[in-house]
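One structure is given here, and the rest of the page talks about it.
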Amino acid sequence: MNTPLTGTLTVPGATLHYEKRGSGPVLLLIPGGAADAGLYAGMAADLATRYTVVSYDPRGLSRSPLDGPLADQEVAVWSDDARRLLDLLSPHEEVSVLGCSSGAIVAVDLLARHPGRLRRVVAHEPPLLELLDDPAPHRELFAEVREVFRAEGAGPAMARLGEGLGGRPSAEATEPPPEIQEMAPRMHANLPVFLGHMLVPFSSTVPDLAALRPAARKLVPAAGRDSRAQVPLYGPVARLAELLGSQVVEFPGGHLGAVESPKEFAKELLAVLD
């Protein structure tokens with residue numbers, strides 16, 4: 001069960017690498033940031049006891065090459081990629097979705113556009129800055145991180161991002177599983193895509209609240225317990241919950257809870273999906 005079946009799907013402008021484990025209804029896991037399908041390796045086996053667990057490398061990352069040159073990425077295009085994967089792997093059944101970070105932005109957009117395809121969507125800390133009462137300082141931080149990347153490279157840019165978010169490691173953190181360690185070089189190679197072409201355009205996306213309201217019962221706004229003080233990570237999903245008349249469900253760990261505490265995160269996810 002730990003060894004996934006892999007496949008590829010040709011989509012407009014790219015070829016997606018995807019991985020599939022387990023059996024039962026489809027649960028699509030959308031990675032965030034510079035991560036790929038390996039982000040969820042630590043909890044995939046637990047989830048695959050109940051679901052056909054599907055994750056993938058988003059376009060331009062790791063094993064999902066673009067057909068043309070790299071440009072700023074669009075949430076709507078990534079959302080369409082996810083919809084095409086669902087049409088391939090679960091054409092006739094509603095599916096559940098987990099998205100983390102920028103992957104949660106994609107998941108929210110997917111629900112707005114295709115509510116009839118989805119049973120439940122767990123959006124874990126989508127940094128939708130425009131939902132905040134005062135997005136300007138956080139918008140400026142992300143823009144500064146992009147400029148630091150362009151001038152000095154990925155290392156200084158990630159250091160500036162971490163400093164700006166003011167995060168600290170979770171007390172529950174454990175050694176990442178081998179699959180996560182194996183993903184690390186791919187993530188490092190993906191940083192130019194994330195820092196240069198995702199961070200700013202994704203975080204400045206405005207969700208379609210009018211389309212989300214009729215499907216609000218399907219959306220689970222989620223955040224890490226350790227992220228409460230991190231306004232650009234916890235604030236947007238709390239505001240989204242408020243706007244849609246629901247409440248934030250807190251998961252173990254922080255922004256990277258799926259990596260920090262995969263067993264506990266999977267347990268909470270299964271409970272929420274039920």
Side-chain angles (χ1 to χ4, degrees), residues 1-9 11 15-33 35-59 61-64 78-79 81-108 110-111 114 117-126 174 176-183 186-187 218-220 222 224 249 251-253 256-274:
M1 192 181 292
N2 285 326
T3 303
L5 297 170
T6 62
T8 58
L9 173 64
V11 295
T15 302
L16 302 180
H17 165 95
Y18 68 87
E19 302 180 354
K20 194 168 96 165
R21 296 173 172 87
S23 59
V26 166
L27 169 59
L28 179 68
L29 308 178
I30 306 178
D36 59 31
L39 179 72
Y40 299 109
M43 61 183 192
D46 290 350
L47 300 175
T49 61
R50 303 261 298 279
Y51 290 91
T52 298
V53 179
V54 177
S55 192
Y56 66 105
D57 300 356
R59 61 170 58 221
L61 302 179
S62 298
R63 299 151 293 192
S64 292
W78 284 41
S79 172
D81 288 347
R83 191 266 307 168
R84 289 170 188 270
L85 261 179
L86 299 184
D87 288 349
L88 173 70
L89 298 170
S90 184
H92 307 300
E93 303 290 333
E94 287 186 341
V95 305
S96 296
V97 177
L98 165 70
C100 291
S101 192
S102 53
I105 295 177
V106 177
V108 169
L110 183 65
L111 179 60
H114 306 285
R117 296 287 285 112
L118 306 174
R119 187 180 79 83
R120 186 146 296 169
V121 173
V122 180
H124 187 272
E125 298 192 15
T174 56
E179 300 92 340
I180 297 284
Q181 297 178 38
E182 188 246 338
M183 178 181 64
R186 298 196 304 268
M187 274 189 72
K218 297 186 174 188
L219 181 65
V220 180
V249 175
F251 275 66
L256 300 177
V259 176
E260 296 167 344
S261 314
K263 293 275 187 193
E264 296 84 354
F265 196 101
K267 184 179 178 183
E268 181 68 29
L269 179 60
L270 288 171
V272 162
L273 292 176
D274 287 342

Practice problem: Kindly compute the distance separating CD (Glu268) from CE (Met43), expressed to the nearest 0.5 Å. | Solution: 11.5 Å
Exercise. Work out which heavy atom in Gly32 is nearest to a heavy atom in Ser102; give both atom names and the distance.
Key: CA-OG, 3.3 Å
Practice problem: Tell me, yes or no, whether the heavy-atom count around Lys267 atom NZ, taken from other residues, nucleotides or ligands under 6.0 Å, exceeds 12. | Solution: no
Quiz item: Roughly how far apart are Thr6 OG1 and Tyr18 OH, rounded to 0.5 Å?
Solution: 8.0 Å
Quiz item: Are the side chains of Leu47 and Leu29 in touch, meaning some heavy atoms are under 4.5 Å apart?
Solution: yes
Exercise. Output the distance between atom CG (Leu256) and atom OG (Ser101), rounded to the nearest 0.5 Å.
Key: 8.0 Å
Exercise. Could you check if a side-chain atom of Leu110 sits within less than 4.5 angstrom of a side-chain atom of Trp78, using non-hydrogen atoms only?
Key: no
Exercise. Might you point out which heavy atoms bring Ala44 and Val53 nearest each other, and give the distance in Å?
Key: O-CG2, 4.1 Å
Quiz item: With sequence neighbours left out, what residues match Ser64 under side-chain hydrogen bond (donor to acceptor under 3.5 Å, both in side chains)?
Solution: none
Quiz item: OG1 of Thr3 to CZ of Arg21: how many Å apart, nearest 0.5 Å?
Solution: 8.0 Å
Quiz item: Would you say Ser261 and Phe251 make side-chain contact, with heavy atoms under 4.5 Å?
Solution: no
Quiz item: So, does Thr52 use its side chain to make a donor-acceptor pair with the main chain of Gly24 at under 3.5 Å?
Solution: yes
Self-check item: Interatomic distance, Leu16 atom CG to Leu61 atom CG [nearest 0.5 angstrom]
Solution: 10.5 Å
Please tabulate, for side-chain N and O atoms in residues 118-125, each donor-acceptor pair with protein atoms closer than 3.5 Å (sequence neighbours left out).
from, atom 1, to, atom 2, distance (Å)
Arg119, NE, Ser96, OG, 3.4
Arg119, NH1, Leu273, O, 3.4
Arg119, NH2, Tyr51, OH, 3.4
Arg119, NH2, Leu273, O, 2.7
Arg120, NH1, Val272, O, 3.0
Glu125, OE1, Ser227, OG, 3.3
Glu125, OE1, His255, ND1, 2.6
Glu125, OE2, Gly224, N, 2.7
Glu125, OE2, Ser227, OG, 2.7

Quiz item: Do Asp36 and Met187 come close enough that some side-chain heavy atom pair is under 4.5 Å?
Solution: no
Exercise. Compare every heavy atom of Leu98 with every heavy atom of Phe265, then report the nearest pair and how far apart it is.
Key: CE2-CD2, 3.9 Å
Self-check item: Rounded distance [0.5 Å steps], CG in Leu111 versus NZ in Lys218
Solution: 7.5 Å
Practice problem: Please answer whether the main-chain N or O of Lys263 pairs with a side-chain N or O of Asp46 as donor and acceptor at a distance below 3.5 Å. | Solution: no
Self-check item: Minimal non-hydrogen separation, Leu39 against Met183, with atom names
Solution: N-SD, 3.4 Å
Quiz item: Of the non-hydrogen atoms in Pro31 and Ala37, which two are nearest, and what is the gap between them?
Solution: CG-N, 4.3 Å
Please list, one pair per line, the donor and acceptor atoms closer than 3.5 Å that link side chains of residues 86-94 to other protein atoms, with sequence neighbours excluded.
from, atom 1, to, atom 2, distance (Å)
Asp87, OD1, Arg117, NE, 3.3
Asp87, OD1, Arg117, NH2, 3.2
Asp87, OD2, Arg83, NH1, 2.8
Ser90, OG, Glu93, O, 3.1

Practice problem: Specify the closest pair of heavy atoms between Ala82 and Tyr56, including all atoms of both residues, with the distance to one decimal. | Solution: CB-OH, 3.8 Å
